[in-house]
Visitor: 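Here it is, the structure in full.
Quick note: numbers below take in every heavy atom, side chains included, and nothing from hydrogens, waters or symmetry partners.
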Amino acid sequence: MATDREVLREIWEGKLPVCFELNQEEVNDLQAPEPYYLIVPRLSYFPLVTDKVRKHFVKYIHPDKLDAEIWLDYNGTPLKWHYPIGVLFDLNNSDIQLPWTITVHFDKFPEEELLHCTSRETVETHFLSCLKEADALKHRTQIVMNMQKKDHNQLWLGLQNDKFDQFWAVNRKLMEVGGEESFRYIPFRCYYKDEPCLQRLIKPLSESGCRKTLSQLLEELNMLQDGLSQLKVTTHGIEPPLDTPLQWMSEHLSYADNFLHLIVSSVG
């Protein structure tokens, strides 16, 4: 288990200011509502932070839509609720002015672009599924399978309630390497241009036993045709050096779902 707790806490405490505005076409009132402002955790998911947003806007929409599922967009692009908030921001960060202005919808759900999310239980199911997938890559699911239900609940409640100590008291078990030098594979999701999210089986150690770096990950993903100087990688709003070891990144810079979410973009 990594001992650099300060890095873990800094990542946990990452926040974003968001301005929520109701879609003008859905305003069913003589006067449009005021925007609603929130400071939201990067590690969280929008359905976990939008209860107050819904309450703020619901009195301004058509009565037929009172029970409708809300969805969000930025600049006309629907925001995928199953991506962590920080990932969604970093994917769009080239043109975002803070606070991040997001449009709230109660109508015309984009069926072909978004998954439905009707409750927090839907988010919990997705989150735990990601944890199991990450643990399968790191430990053959041995850690998650040996956890009790209360451990799963503690992870979920720690994330839902933004409680660092509560979450990491259990999550540290998922970051331990035991008697090994590293994880089996690095759980990561890589986002590049408009291509589908990339996932591959990438070992953190080379055949000679040396620790692989972020640049070697890009090489194995065939992203270096134009050279390293033409690419930048962002996660949690920062650009880690390309010589950062993957094992260290997985232990320290993973999101709550235990995946590294890496946004790769071209320079210039």
Visitor: Quick check for you: to the nearest 0.5 Å, what is the distance between Arg189 atom CZ and His261 atom NE2?
Guide: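 Those atoms lie 5.5 Å apart.
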
Visitor: List the steps and the verdict of ring-ring contact (aromatic ring centres under 6.0 Å, His included) for His116 and Phe109.
Guide: CA-CA 9 Å; His116 282 284; Phe109 188 92; 4.2 Å; yes

Visitor: Counting only heavy atoms from other residues, nucleotides and ligands, does the tally under 6.0 Å from CD of Gln148 exceed 12?
Guide: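 No, the 6.0 Å shell around CD holds no more than 12 heavy atoms from other groups.
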
Visitor: Using 30° and 60° as the class boundaries, would you call the ring planes of Tyr60 and His56 parallel, tilted or perpendicular?
Guide: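 Answer is tilted, since the angle falls between 30° and 60°.
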
Visitor: Would you say Phe164 and Leu8 make side-chain contact, with heavy atoms under 4.5 Å?
Guide: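 Yes. Closest side-chain heavy atoms under 4.5 Å.
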
Visitor: Are more than 12 heavy atoms from other residues, nucleotides or ligands located less than 6.0 Å from atom CD of Gln199?
Guide: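 Counting other residues, nucleotides and ligands, CD of Gln199 exceeds 12 neighbours.
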
Visitor: If we only count heavy atoms from C-beta on, is the Tyr192 to Ile263 side-chain gap below 4.5 Å?
Guide: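 Side-chain contact under 4.5 Å: no.
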
Visitor: Nearest 0.5 Å please: distance from the OG1 atom of Thr103 over to the CG atom of Asn75.
Guide: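 Here the interatomic distance stands at 8.0 Å.
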
Visitor: Between Tyr36 and Val18, is any pair of side-chain heavy atoms under 4.5 Å apart?
Guide: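 Tyr36 does not reach Val18 side chain to side chain.
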
Visitor: Is there a path of hydrophobic side-chain contacts, each under 4.5 Å between heavy atoms, that joins Phe20 and Leu66?
Guide: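 In one cluster with Phe20: Leu66, yes.
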
Visitor: Please give me the minimum heavy-atom distance between Ile102 and Leu72, naming the atom from each residue.
Guide: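 Closest heavy-atom pair between Ile102 and Leu72: CG2-CB, 3.7 Å.
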
Visitor: Would you check if the distance from the ring center of Trp12 to the ring center of Phe167 is below 6.0 Å?
Guide: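 Trp12 vs Phe167: aromatic centres under 6.0 Å.
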
Visitor: Could you check whether atom CZ of Arg9 has more than 12 heavy atoms from other residues, nucleotides or ligands sitting under 6.0 Å from it?
Guide: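 Result for CZ/Arg9: enclosed.
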
Visitor: How about NZ on Lys108, more than 12 heavy atoms from neighbouring residues, nucleotides or ligands closer than 6.0 Å, or not?
Guide: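 No, NZ of Lys108 has 12 or fewer neighbouring heavy atoms, counting only those of other groups under 6.0 Å.
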
Visitor: Give the intermediate values and the outcome of side chain to side chain contact (heavy atoms under 4.5 Å, CB included) for residues Val123 and Trp81.
Guide: CA-CA 9 Å; Val123 187; Trp81 66 262; 4.0 Å; yes

Visitor: Is there a path of hydrophobic side-chain contacts, each under 4.5 Å between heavy atoms, that joins Ile70 and Leu115?
Guide: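 Yes: a chain of side-chain contacts under 4.5 Å links Ile70 to Leu115.
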
Visitor: Is the shortest side-chain heavy-atom distance between Val40 and Pro17 below 4.5 Å?
Guide: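 Result no, sub-4.5 Å side-chain heavy-atom pair not found.
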
Visitor: Just wondering, do Leu48 and Arg120 contact through their side chains at under 4.5 Å, heavy atoms?
Guide: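 Sidechains of Leu48 and Arg120: in contact.
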
Visitor: Show the nearest heavy-atom pair for residues Ala32 and Val27, with the distance to one decimal.
Guide: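 Scanning both residues completely, I find the closest heavy atoms to be CA-CG1, 4.0 Å.
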
Visitor: Would you mind telling me which of Phe89, Tyr191, Tyr255, Tyr45 makes a ring-ring contact (aromatic ring centres under 6.0 Å, His included) with Tyr83?
Guide: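 Result for ring-ring contact (aromatic ring centres under 6.0 Å, His included) with Tyr83: Tyr191.
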
Visitor: Kindly give the heavy-atom pair with the smallest separation between Lys15 and Pro41, and that separation in Å.
Guide: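 Closest pair (atom of Lys15, atom of Pro41, distance): CD-CA, 3.6 Å.
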
Visitor: Looking at every heavy atom in both Ala134 and Pro187, which two are closest together, and how far apart are they?
Guide: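 Nearest pair, atom of Ala134 first, then Pro187: O-CG, 3.7 Å.
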
Visitor: Looking at Lys212 and Glu220, is any side-chain nitrogen of the basic one under 4.0 Å from a carboxylate oxygen of the acidic one?
Guide: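 Counted as a salt bridge, because a side-chain N and a carboxylate O are separated by less than 4.0 Å.
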
Visitor: Got a sec: does the CG of Asp67 have more than 12 other heavy atoms crowding it under 6.0 Å?
Guide: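 At most 12 heavy atoms, drawn from other residues, nucleotides or ligands, come within 6.0 Å of this atom.
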
Visitor: What's the separation between atom NZ in Lys173 and atom CD in Gln142, rounded to the nearest 0.5 Å?
Guide: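 CD of Gln142 is found 15.0 Å from NZ of Lys173.
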
Visitor: Could you walk me through whether Tyr74 and Thr77 pass the side chain to side chain contact (heavy atoms under 4.5 Å, CB included) test, one step at a time?
Guide: CA-CA 5 Å; Tyr74 172 68; Thr77 300; 5.7 Å; no

Visitor: Side chains of Gln247 and Glu251: do they bring a donor and an acceptor to under 3.5 Å?
Guide: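 Note: Gln247 and Glu251 side chains meet the donor-acceptor criterion.
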
Visitor: Determine whether more than 12 heavy atoms belonging to other residues, nucleotides or ligands lie under 6.0 Å from atom CD of Glu181.
Guide: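 It does not: Glu181 CD has 12 such atoms or fewer within range.
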
Visitor: Regarding Asn258 and Lys138, do their side chains bring together a donor and an acceptor under 3.5 Å, going by distance alone?
Guide: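 On atom types as modelled, these side chains qualify, holding a pair under 3.5 Å.
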
Visitor: First locate atom CZ of Arg42, then atom CG of Leu16, and finally report the distance between them rounded to the nearest 0.5 Å.
Guide: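 Those atoms lie 4.5 Å apart.
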
Visitor: Find the distance between CD1 (Ile85) and CG (Asp90) and round it off to the nearest 0.5 Å.
Guide: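 Going from the CD1 atom of Ile85 to the CG atom of Asp90 covers 12.0 Å.
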
Visitor: Do Cys190 and Cys197 come within less than 4.5 Å of each other through their side chains, counting heavy atoms only?
Guide: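 A side-chain contact is absent here, since even the closest heavy-atom pair is not under 4.5 Å.
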
Visitor: Anything under 30° is parallel, anything over 60° is perpendicular, the rest tilted; go ahead and classify His126 against His82.
Guide: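 Rings of His126 and His82: perpendicular, as their planes differ by over 60°.
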
Visitor: Please examine the side chains of Thr213 and Thr244, heavy atoms only from C-beta on, and report whether any two atoms are closer than 4.5 Å.
Guide: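 They are not in contact (no side-chain heavy atoms under 4.5 Å apart), so the answer is no.
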
Visitor: Would you say Asn92 and Trp100 are linked by a side-chain donor-acceptor pair, where the criterion is simply a distance under 3.5 Å?
Guide: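 No.
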
Visitor: Does the side chain of Glu133 come within less than 4.5 Å of Phe259's, by heavy atoms?
Guide: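 Result yes, sub-4.5 Å side-chain heavy-atom pair found.
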
Visitor: Does the side chain of Asp4 pick up a donor-acceptor pair with the side chain of His252 at under 3.5 Å?
Guide: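 No.
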
Visitor: Is it the case that the side chains of Glu26 and Asn23 hold a donor-acceptor pair, with the cut-off being a distance below 3.5 Å and no angle test?
Guide: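 On atom types as modelled, these side chains qualify, holding a pair under 3.5 Å.
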
Visitor: Might you point out which heavy atoms bring Leu38 and Val49 nearest each other, and give the distance in Å?
Guide: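 Between these two residues, the closest heavy atoms are CD1-O, 3.2 Å.
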
Visitor: Rounded to the nearest 0.5 Å, what separation is found between the NZ atom of Lys52 and the OG1 atom of Thr50?
Guide: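 That separation rounds to 12.0 Å.
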
Visitor: Begin from the C-alpha positions of Arg211 and Leu205 and carry the test side chain to side chain contact (heavy atoms under 4.5 Å, CB included) through to its verdict.
Guide: CA-CA 5 Å; Arg211 294 193 172 226; Leu205 300 180; 3.7 Å; yes

Visitor: Please report the shortest heavy-atom distance between Leu262 and Met249, naming the atom on each side.
Guide: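 In terms of heavy atoms, the two residues are closest at CD2-CE, 4.0 Å.
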
